[in-house]
**Q** 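Have a look at this one.
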Amino acid sequence: MTTHVDTTHTTDPAHTTDALDTTASTEYAHEHAPRLPFAERVPEFYRAMLRLETAAAKDIDPTLYHLIKIRASQINHCAFCVDMHSKDALAEGETVERIVQLSAWEESRHFYTERELAALALTESVTVLTDGFVPDEVYARAARHFDETELARVIGAIVVINAWNRIAVTTRMTPGHYTPRSA
């Protein structure tokens, strides 16, 4: 069980009490434990995933890569990955505003470049696969903004984060404890 103590207070006499109790305690839901120490149980698979991650990150704009990872993680309800990749993006200079608006990027288009919007649409289509395929118009839009090698890298990035999401969600990795390396 996690307890949060709010230590903000006012100096306005109209909002003080005789006891001057300026703290309030909020009790949060119990933090679940991870189901399985995945990396410990299958270290060779985990190392292979790390190599895929390294390959996916090669020669792709880091800002775009963070947006892809955060958006796919939001769609997949992967709290651990949303936490990790949001913190990494912030540590590398991304704005809170763009991260907050990412879950509603279609209504917040003015926060993103056309290239980022194309990658986000592709991320959603590859992640969800509702129709069983990526729609031609989504692929064509991405192909207008990325050359074939860049597009292959974007697809690779989307595939890798979806694999990580499925590992983290299945093993119930716990969000909130990650610290970015550059912080």
**Q** May I ask you to test the Leu120-Leu102 pair for a side-chain heavy-atom distance under 4.5 Å?
**A**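 Heavy-atom side-chain distance check passes, below 4.5 Å.
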
**Q** side-chain contact (heavy atoms from CB on, under 4.5 Å) between Asn76 and Ile161: does it pass, once the steps are laid out?
**A** CA-CA 10 Å; Asn76 289 322; Ile161 189 55; over 6 Å; no

**Q** With a 3.5 Å cut-off and no angle check, do the side chains of Trp105 and Glu124 form a donor-acceptor pair?
**A**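 The criterion, which ignores hydrogens and geometry beyond distance, is satisfied for Glu124 and Trp105.
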
**Q** Is there a donor in the side chain of Gln74 and an acceptor in the side chain of Arg71, or the other way round, less than 3.5 Å apart?
**A**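 There is such a pair between these side chains.
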
**Q** Measure the shortest side-chain to side-chain distance between Lys87 and Thr179 over non-hydrogen atoms and say whether it is less than 4.5 angstrom.
**A**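 A side-chain contact under 4.5 Å is absent here.
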
**Q** More than 12 heavy atoms of other residues, nucleotides or ligands under 6.0 Å from CD of Glu148: is that the case?
**A**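 No.
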
**Q** Do you know the tightest heavy-atom contact between Val82 and Ser86?
**A**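 For Val82 versus Ser86, the nearest heavy atoms are O-OG, 2.7 Å.
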
**Q** Could you pull out the closest heavy-atom pair between Ala56 and Val160, with the gap in Å?
**A**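 Minimum heavy-atom contact is CB-CG2, 3.9 Å.
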
**Q** Is the shortest side-chain heavy-atom distance between Glu116 and Phe111 below 4.5 Å?
**A**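 Answer no - side chains too far apart.
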
**Q** For the residue pair Ala79 and Pro175, what are the closest heavy atoms and their distance?
**A**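 That would be O-CB, 3.5 Å.
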
**Q** Any side-chain heavy atom of Leu36 sitting closer than 4.5 Å to one from Arg172?
**A**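 No; the side chains remain at least 4.5 Å from each other.
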
**Q** Would you say Pro34 and Thr171 make side-chain contact, with heavy atoms under 4.5 Å?
**A**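 Heavy-atom side-chain distance check fails, nothing below 4.5 Å.
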
**Q** Can you tell if the side chain of Ile155 reaches within under 4.5 Å of the side chain of Val126, non-hydrogen atoms only?
**A**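 No. Closest side-chain heavy atoms not under 4.5 Å.
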
**Q** Under the ring-ring contact (aromatic ring centres under 6.0 Å, His included) definition, can you give me all pairs with a residue in residues 158-181, not counting sequence neighbours?
**A**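 Qualifying pairs, neighbours excluded: Tyr46-Trp164.
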
**Q** Do Leu117 and Ile158 share a hydrophobic cluster (ILVMFWY, side-chain heavy atoms under 4.5 Å, transitive)?
**A**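 Leu117 and Ile158: separate clusters.
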
**Q** Mind jotting down which residue pairs meet the side-chain hydrogen bond (donor to acceptor under 3.5 Å, both in side chains) criterion with at least one end in residues 135-145? Sequence neighbours excluded, please.
**A**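 Matches after skipping sequence neighbours: none remain.
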
**Q** Write down the atom of Arg98, the atom of Thr95, and the distance for their closest heavy-atom approach.
**A**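 Closest pair (atom of Arg98, atom of Thr95, distance): N-OG1, 3.1 Å.
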
**Q** May I ask you to say whether Glu53 pairs ionically with Lys69, meaning some side-chain N is under 4.0 Å from a carboxylate O?
**A**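 Yes, this pair counts.
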
